[in-house]
Amino acid sequence: MAEPTRAAALARLTQFAPRMGRDYAALRNSDGGPGARCVSGLSPHVRHRLVSESELVGVALAQHGPARAEKFIQEVFWRSYWKGFLELRPAMWRDYRAAVARMETPPGLAAAMAGETGIACFDAWARELVETGWLHNHTRMWFASIWIFTLRLPWELGAEFFLAHLADADPASNTLSWRWVAGIQTPGKHYLARAENIARYTNGRFNPRGQLDEAAPPIEAPPPPPAGRLRAADAPPGGRVALLLHTDDLGFRPEGREVAGCEVVGIAALADTAARSRFPQGRVAAGFTAGALADAIGRILAAEEVAGWARGLGVTRIITPWAPMGWTAPLLDEVGRLCAAAGVTLHRLRREWDEACWPLAQRGFFPFRTEIPRLIAGLQPTPP
């Protein structure tokens with residue numbers, strides 16, 4: 001994994017760009033182990049927006065064109081689709097968090113998280129996750145399937161395990177992907193890990209023949225609720241403002257079109273103090289987030305320090321990038337309340353990319369996918 005800096009992300013982006021076309025489409029599902037994967041490894045950087053989705057798509061288009069880079073571009077848009085899906089259904093996140101809080105610790109949980117189940121592939125992946133803060137996407141699907149259908153553990157606790165340790169832990173992508181594997185995101189359609197598939201796509205490193213439940217039915221649960229309306233973002237307030245970054249978007253810059261009419265006189269970042277999981281955050285994930293914060297900006301503020309910082313700059317308006325559903329959004333709510341009490345207003349601005357993509361997550365990904373050419377034409381993504 002590249003260092004948690006924008007410079008490292010751009011270097012890796014340049015290095016991987018030649019493989020974003022047909023190589024990626026042909027080899028992306030294979031996990032031959034560290035050093036043998038045709039993936040960018042940039043998901044932690046995109047998660048914190050040290051590099052943006054628009055920049056990734058811009059590079060892919062410039063290097064390969066829309067046809068050859070189609071699969072890579074679709075994978076980038078999957079991230080935006082998941083975020084939009086949860087933004088349009090915020091109760092899904094709240095219900096999931098409430099279920100986790102009520103859940104007792106089931107037998108077998110500790111062994112699964114320690115990689116001591118006796119299923120060699122699963123145990124190796126559990127250790128890799130804890131030690132490196134990352135897993136290949138196909139491996140995440142196998143892992144989740146074995147967790148749910150073979151080990152018979154609650155999917156919610158598997159999602160929490162990922163949130164604790166993944167350096168790219170994203171509330172929407174993680175929660176909804178676990179739901180999809182379980183068969184409750186698309187009701188009745190679940191993902192079963194099969195020994196033959198694992199052997200083929202790990203290049204023979206693992207073959208759990210006879211160890212997996214390959215006939216388990218999907219989990220029974222209510223389907224996702226209908227899409228609601230996207231909550232409106234604030235308009236740029238104009239004039240002298242302070243810019244408050246946070247770990248959901250450390251790449252938001254004062255020269256962007258989203259802040260038109262504003263004169264940014266100071267920039268700081270909000271400390272990442274919210275608990276992300278029922279389990280303690282892993283060392284690698286915590287280190288990546290801390291490094292990304294430090295790279296983005298030198299000054300990091302606690303929620304109660306934000307209003308005083310703005311007052312010290314001589315401004316009464318703060319702009320901040322929109323935080324989607326997750327642990328940062330409630331923290332911004334608290335910042336807004338504290339600022340209002342001090343006579344300072346907090347304005348949440350949404351990126352053009354998100355404003356265009358999120359409202360389209362009305363149903364499954366395939367209807368969303370048909371909109372990708374139109375989105376690209378409108379957003380005109382360009383390389384960094």
N/O donor-acceptor pair under 3.5 Å between E55 side chain and S52 backbone: yes
Ring geometry between F288 and H48 (parallel below 30°, tilted from 30 to 60°, perpendicular above 60°): parallel
T328 side chain vs P324 backbone, donor-acceptor pair below 3.5 Å: no
Closest contact, heavy atoms only, V59 versus A17: CG1-CB, 3.6 Å
Worked verdict on V39 versus N137 for side-chain contact (heavy atoms from CB on, under 4.5 Å): CA-CA 9 Å; V39 293; N137 187 60; over 6 Å; no
CZ (R283) with more than 12 external heavy atoms under 6.0 Å: no
Pairing residues for W155 by the side chain to side chain donor-acceptor pair (under 3.5 Å) criterion, not counting sequence neighbours: none
R127 atom CZ, neighbour heavy-atom count above 12 within 6.0 Å: yes
Non-neighbouring partners of T273 that pass side chain to side chain donor-acceptor pair (under 3.5 Å), sequence neighbours left out: none
Expected output: side-chain R68 to main-chain H64 donor-acceptor under 3.5 Å: yes
CA sep, side-chain torsions, deciding dist, call: L163, Q281, side-chain contact (heavy atoms from CB on, under 4.5 Å): CA-CA 8 Å; L163 285 182; Q281 189 176 11; over 6 Å; no
A361 versus G84, closest heavy-atom pair with distance: CB-C, 3.6 Å
Where P208 and L212 come nearest, the two heavy atoms and their spacing: CG-CD1, 3.7 Å
I198-Y201 co-clustered via ILVMFWY side chain contacts under 4.5 Å: yes
NZ/NE/NH1/NH2 to OD/OE distance under 4.0 Å, E214 and R209: no
Set of residues satisfying ring pair (Phe, Tyr, Trp, His ring centres under 6.0 Å) with respect to H190, sequence neighbours excluded: F149
Partner set under ring pair (Phe, Tyr, Trp, His ring centres under 6.0 Å) for F162, not counting sequence neighbours: F143, W178
Cluster link L129 to V284, ILVMFWY, side chain under 4.5 Å: no
Side chain to side chain donor-acceptor pair (under 3.5 Å): pairs with one or both residues in residues 291-319, sequence neighbours excluded: none
Residue Q74 excluded, over 12 heavy atoms near CD under 6.0 Å: yes
Contacts of A274 that satisfy side-chain contact (heavy atoms from CB on, under 4.5 Å) - sequence neighbours left out: W327
Qualifying side chain to side chain donor-acceptor pair (under 3.5 Å) pairs, either residue in residues 220-235, two or more places apart: none
Electrostatic pair R89:D95 at N-O distance under 4.0 angstrom: no
Lys/Arg-Asp/Glu bridge criterion (N-O < 4.0 Å) met for R205, D31: yes
Considering all heavy atoms, the nearest P223-P187 contact: CB-CG, 3.6 Å
Main-chain N/O of M141 paired with S145 side-chain donor or acceptor, under 3.5 Å: no
Given W353, F366, W358, the one that forms ring pair (Phe, Tyr, Trp, His ring centres under 6.0 Å) with F77: W353
Stepwise side-chain contact (heavy atoms from CB on, under 4.5 Å) test for Q63 and F16: CA-CA 11 Å; Q63 287 272 333; F16 187 72; over 6 Å; no
Cluster check I219, L157: I/L/V/M/F/W/Y, side chain < 4.5 angstrom: yes
Sub-6.0 Å ring centroid separation between W93 and Y96: yes
Donor-acceptor contact below 3.5 Å, side chain S80 vs main chain C357: no
Note, S173 side chain near W78 side chain (heavy atom, < 4.5 Å): no
Any donor-acceptor N/O pair, T175 side chain to A172 backbone, under 3.5 Å: no
Check: R49 main-chain N/O paired with D249 side-chain donor or acceptor under 3.5 Å: no
E371 (side chain) donor-acceptor with L360 (main chain) under 3.5 angstrom: no
Joint cluster assignment, Y24 & L27, ILVMFWY side-chain distance < 4.5 Å: no
Ion pair check, D248 and R350, cut-off under 4.0 Å: no
Ion pair check, D333 and R348, cut-off under 4.0 Å: yes
Heavy-atom side-chain proximity of P321 to R351 below 4.5 angstrom: no
R363, CZ: over 12 other non-hydrogen atoms inside 6.0 angstrom: no
Partners meeting side chain to side chain donor-acceptor pair (under 3.5 Å) with K189 (sequence neighbours left out): none
Minimum side-chain heavy-atom gap E70-I73 below 4.5 Å: no
N/O donor to acceptor pairs below 3.5 angstrom from side-chain atoms of residues 377-384, sequence neighbours left out:
none

Any L56 side-chain heavy atom under 4.5 Å of E53 side chain: no
Exam field: side chain N174 to backbone A169, donor-acceptor pair closer than 3.5 Å: no
Side-chain touch Y191/T186, heavy atoms, less than 4.5 angstrom: no
Between T345 and H347, a side-chain donor and acceptor under 3.5 Å: yes
K71/E75 salt bridge by N-O under 4.0 Å criterion: no
Listed partners of W134 passing ring pair (Phe, Tyr, Trp, His ring centres under 6.0 Å), at least two apart: none
Residues which pass side chain to side chain donor-acceptor pair (under 3.5 Å) with R12, listed by chain and number, not counting sequence neighbours: Q15
Close side-chain approach of R140 and L166, heavy atoms under 4.5 Å: yes
Residue pair P237 / C262, side-chain heavy-atom distance below 4.5 Å: yes
Co-members of L250 in a cluster of I, L, V, M, F, W and Y side chains, linked at under 4.5 Å: L50, V241, L243, L245, F252, V259, V264, I267, L293, I297, I300, I319, L349
T202 side chain to G32 backbone, donor-acceptor under 3.5 Å: no
Hydrophobic cluster identity match, L331 and M325, side-chain contacts under 4.5 Å: no
Which atom of Q211 lies closest to which atom of G118, heavy atoms considered: NE2-O, 3.2 Å
Closest approach of A233 to W322 (non-hydrogen atoms, all atoms of both residues): CA-CZ3, 3.6 Å
Criterion side-chain contact (heavy atoms from CB on, under 4.5 Å) on V344 and I318, from CA distance to verdict: CA-CA 7 Å; V344 176; I318 300 171; 3.7 Å; yes
Heavy-atom check, side chain of P154 versus side chain of P106, under 4.5 Å: yes
